Each structure stands twice: as structure tokens, then as C-alpha cells.
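A short write-up of the structure that comes next.
Predicted, not measured: the structure shown is a model, and the values here were computed from it.
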Amino acid sequence: MIMRSVATGDSGPAVQKEFKEQAEKLLREGVVGFGEMTAEHFDGLTPYQYAPADHPLYLLLADIAAQHGVPIDLHMEAVPEAMPLPPGLKSPPNAPQLHANIAAFERLLAHNPRAKIIWAHAGSDGTGFRTPELDRRLLVAHPNLYLEIKADPGANGKNYPLKADGKIKPDWLKLFMDFPDRFLIGSDQHYPEPPGAQQRWQEDVLLFNQLPSDVRHKIGTENVGHVFGKAPASSPNAAEKLKFRKTQACPHESS
């Protein structure tokens with residue numbers, strides 16, 4: 001509905017009424033969050049999509065999410081200023097010019113501070129601008145912002161959190177340790193698992209296992225309980241159970 005509204009230019013009262021009714025219908029059916037939504041998504045397994053992060057329907061969704069205590073999970077490549085499509089990406093299907101979106105994203109975050117917004121795929125950067133420094137600035141400025149971690153061994157992208165030897169880069173480790181309450185462990189894993197020796201979830205586990213135990217506990221169990229409004233696992237060893245050797249199977253779910 002958001003993409004249709006962007007295409008038609010119509011986000012008037014009738015569209016907002018229909019949108020609100022659909023969101024509330026989903027909530028009655030038991031959804032615990034809205035997503036994965038998108039503001040800037042490059043073509044891949046899903047098509048290219050763009051919508052302003054401060055589109056009227058996103059602002060409305062933030063109000064609905066805040067009222068019901070559920071989060072919004074948002075996929076958005078970082079584009080601080082309008083820019084040409086980065087080298088290595090094709091247009092079409094992607095847009096030849098990208099819209100600036102960080103200021104719009106901050107307007108979404110500030111619109112309703114009670115709305116918990118998860119910026120998906122920290123560690124997967126297609127523009128070169130989703131740096132630990134940008135993440136840090138936004139985390140400081142917006143207490144309702146959370147970041148979901150994605151590490152893809154088959155497509156490191158730019159500003160990858162792991163070095164070539166698999167060790168966490170110091171600036172990323174400091175970010176995790178400075179904001180242990182604001183990250184969620186994710187994977188963006190596809191199922192059935194595509195062929196290949198190394199899956200995305202395995203790279204996430206490699207990263208996760210290098211964090212201090214108190215940070216692992218926050219990111220592995222406590223934070224998801226807070227963000228989604230559900231009690232975390234009661235076992236005091238729940239976070240430790242998320243530690244896996246790379247040879248072990250792990251039923252991780254996609255983000």
C-alpha cells in the first residue's frame with residue numbers, strides 16, 4: 001500500500017483510512033511487528049523499491065505501532081545526499097539516481113518517539129555510507145532506534161563488521177559494547193538454505209560468539225523481548241545457548 005501510494009501520489013484521507021484499517025486488522029490477527037518494510041531497496045531477490053522514510057503512511061504506521069507496542073522493521077540503504085547509483089549496480093532495474101534519506105529517516109524516528117524502529121541489516125551496506133559512525137550518531141540522537149545485525153559471507157558489501165580473518169573490526173566491537181541494548185541478532189537467512197559452504201546465519205554466529213558474554217545476553221535474548229514486548233527466555237543460560245560452533249546446525253530464522 002505504501003509503494004502504491006508513492007506511485008500514485010495519493011496519501012489522502014481515504015488512503016490513510018484504508019491503510020489504518022488494514023494495519024489494525026493485522027494486529028487483531030496477532031502480528032508482533034510490521035516489516036520488513038522498505039525505504040530504499042536495491043534489486044535482488046526482490047525488485048527495486050523506494051519510498052520516502054517520512055512518507056505520510058510511514059508516519060501513520062509509526063503512530064499505530066506506538067499505540068500497540070509493536071516495532072517497525074525497515075530496510076533502507078543509507079543515502080545521506082542525493083547521489084548517482086553506486087558503481088556495480090545496474091540501472092535499470094535500480095533507479096539511476098538515489099534520493100537522500102537519512103534526514104527523512106530521522107523525521108520518522110522523531111515523529112513518534114514511542115514507536116520502536118528497527119533499521120534492518122546493520123553490517124550490510126550497499127552505498128558505503130552506513131558506517132559505524134552514522135549508526136552511532138543516530139543511536140545517540142534517537143532512543144527509539146534499534147539495529148538488526150546482518151553479516152553475509154557471500155556479499156560483504158561496504159563497511160563490513162568482520163575483517164578478512166573473521167575477527168570483529170574494533171569500531172564495530174566498540175559500537176556493540178557502547179550500545180548493548182540497541183542491537184538485535186538477525187541473519188536475513190533464506191530458506192531453504194541456498195547451496196554453499198557458508199550461510200549467512202553462520203557468519204552472524206561467528207560475529208556473535210566474539211562479543212563479551214553480557215553483550216551476547218543483551219543482543220541474543222533481552223533486547224528482542226523488550227522490542228517485541230515478549231518476555232525473554234527464563235533460563236539464565238539462554239544467551240549462552242546461542243553460542244554455536246561453525247560445524248553445528250542452528251535453526252535460525254530470517255529477520
Side-chain angles (χ1 to χ4, degrees), residues 1-7 10-41 46 49-79 99 101-122 124 130 134-135 137-150 179-188 218-232 253-255:
M1 295 179 73
I2 291 173
M3 294 303 153
R4 185 175 70 201
S5 176
V6 172
D10 183 3
S11 58
V15 170
Q16 294 197 28
K17 180 176 182 293
E18 181 187 6
F19 183 86
K20 186 172 187 290
E21 288 173 349
Q22 180 63 23
E24 291 178 341
K25 177 177 180 289
L26 292 169
L27 288 162
R28 289 193 300 271
E29 292 175 353
V31 302
V32 296
F34 294 110
E36 180 179 327
M37 317 297 289
T38 187
E40 182 71 56
H41 192 298
T46 52
Q49 291 181 313
Y50 163 76
D54 60 348
H55 186 276
L57 294 186
Y58 272 137
L59 301 183
L60 175 58
L61 187 62
D63 289 334
I64 296 168
Q67 178 184 353
H68 293 273
V70 301
I72 298 170
D73 182 86
L74 185 68
H75 178 126
M76 188 186 78
E77 296 289 344
V79 187
H99 300 268
N101 59 24
I102 300 301
F105 185 44
E106 291 200 74
R107 286 191 288 272
L108 172 64
L109 290 162
H111 171 74
N112 191 326
R114 294 188 300 111
K116 293 172 284 190
I117 309 291
I118 304 168
W119 190 6
H121 313 329
S124 178
R130 190 166 180 183
L134 175 61
D135 288 338
R137 182 180 74 76
L138 294 178
L139 287 168
V140 169
H142 303 282
N144 57 328
L145 173 63
Y146 298 84
L147 305 183
E148 172 265 327
I149 301 168
K150 172 185 174 179
F179 297 92
D181 297 320
R182 309 285 288 282
F183 284 90
L184 306 175
I185 191 74
S187 68
D188 203 32
K218 290 280 189 179
I219 294 176
T221 57
E222 288 188 5
N223 295 348
V224 71
H226 170 71
V227 171
F228 287 90
K230 305 293 182 182
E253 296 184 43
S254 61
S255 62

List in chain and number order the residues that pass side-chain hydrogen bond (donor to acceptor under 3.5 Å, both in side chains) with [X], two or more places apart in sequence or in another chain; answer none if no residue qualifies.
| X | value |
| --- | --- |
| Ser5 | His55 |
| Glu40 | Tyr48 |
| Asn223 | none |

Sequence neighbours excluded, which residues qualify as salt bridge (charged side-chain N to carboxylate O under 4.0 Å, His left out) partners of [X]?
| X | value |
| --- | --- |
| Arg130 | Asp135 |
| Arg4 | Glu18 |
| Asp181 | Lys218 |
| Lys150 | Asp188 |

I'd like to check the ring-ring contact (aromatic ring centres under 6.0 Å, His included) partners of [X]; sequence neighbours left out, ordered by chain and number.
| X | value |
| --- | --- |
| Tyr50 | His99 |
| Tyr58 | none |
| His142 | none |

**Pairing residues for Ala53 by the side chain to side chain contact (heavy atoms under 4.5 Å, CB included) criterion, not counting sequence neighbours** =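 For Ala53 the side chain to side chain contact (heavy atoms under 4.5 Å, CB included) partners, ignoring immediate neighbours, are Ala39, Met76, Ala104, Phe105.
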**Message:** Strictly by salt bridge (charged side-chain N to carboxylate O under 4.0 Å, His left out), give each pair with a member in residues 102-111 just once, sequence neighbours left out.
**Reply:** Asp54-Arg107, Glu106-Arg137
**Request:** Would you mind checking if Lys25 and Glu21 are paired as a salt bridge, meaning a charged N to carboxylate O distance below 4.0 Å?
**Result:** no
